[in-house]
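Accompanying notes for the structure given below.
What's counted below: heavy atoms across the whole structure, side chains too, no hydrogens, waters or symmetry copies.
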Amino acid sequence: TARACGPPRSALAVRIGEYRDEVVEALMEVAAGFDLDARIGAAQALGLLGAREALPLLRDSSFSMGVRTRFSEACKEAIRRIEAQASLPRAATSAPATDPESASDTLPRPAESAGGGTDTLPHPADEEG
C-alpha cells in the first residue's frame with residue numbers, strides 16, 4: 001500500500017533500484033559532456049528518474065547560450081517532470097505501534113460544557129427560529 005500512496009515511479013527507476021545514486025551521477029556527467037544525442041538522452045533519463053539533485057545542472061543547461069536547442073528543450077521537459085514528481089504528496093511514514101486500548105484516547109469526542117454536558121451545542125430546533 002505504501003507504493004499506492006507514494007509518487008509514481010517510472011519503470012526506469014524501478015529497474016535501477018539500489019544503484020540509483022550511481023546512475024544519476026553518471027547521467028549528470030553525460031549531460032555535461034559533449035555528445036549532443038547522449039546529453040539529450042541523459043536529460044530525459046534524469047527526468048524519468050525524478051532526479052532532484054540534477055535540477056541545478058538541468059536549469060543551467062536549459063538556458064545555455066540563450067538559444068533554444070533540442071538539448072535545452074529536453075532539459076526543460078526533465079525539469080517539468082522532476083518538479084511534478086516532487087510536488088506529489090509522499091507516503092506517510094508508519095506510525096509507532098500503539099496499545100489498542102489507548103487508541104480510543106485519541107478519537108474525537110463531542111464538545112462538553114464546563115458542567116460536563118452538551119447543553120452549549122446548537123440544536124436543530126435552535127437554528128430554525
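The two residues G47 and I82 make their nearest non-hydrogen contact at CA-CG1, 3.9 Å. Nearest heavy atoms, L48 versus R81: CD2-NH1, 3.2 Å. Closest approach of M28 and L57 over heavy atoms only: O-CD2, 3.5 Å. The two residues Q44 and A74 make their nearest non-hydrogen contact at CG-CB, 4.4 Å. When all heavy atoms of F71 and L36 are compared, the pair lying nearest together is CB-CD1, 3.7 Å. The heavy-atom pair separating C75 from S62 by the smallest distance is CB-CB, 3.8 Å.
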*Walk me through it: do I16 and V24 pass the test side chain to side chain contact (heavy atoms under 4.5 Å, CB included)?*
CA-CA 10 Å; I16 65 168; V24 168; 5.5 Å; no

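Checked for salt-bridge contact, E77 and R80 meet the test: a charged N lies under 4.0 Å from a carboxylate O. Classification of E53 and R20 as a salt-bridged pair holds, one side-chain N sitting under 4.0 Å from a carboxylate O.
Note that CG of L55 and CG of D60 are 11.0 Å apart. Values are rounded to the nearest 0.5 Å. In this structure, CG in L49 is found 8.5 Å from CD in Q85, a value given to the nearest 0.5 Å. The CG atom of L58 sits 11.5 Å away from the OG atom of S72 when rounded to the nearest 0.5 Å.
Taking a 6.0 Å sphere around CD of E25, one finds it holds 12 or fewer heavy atoms contributed by other residues, nucleotides or ligands.
For the pair R39 (side chain) and A31 (backbone), a donor-acceptor distance under 3.5 Å is present.
Two different hydrophobic clusters hold V30 and F34 under the rule that ILVMFWY side chains link at heavy-atom gaps under 4.5 Å.
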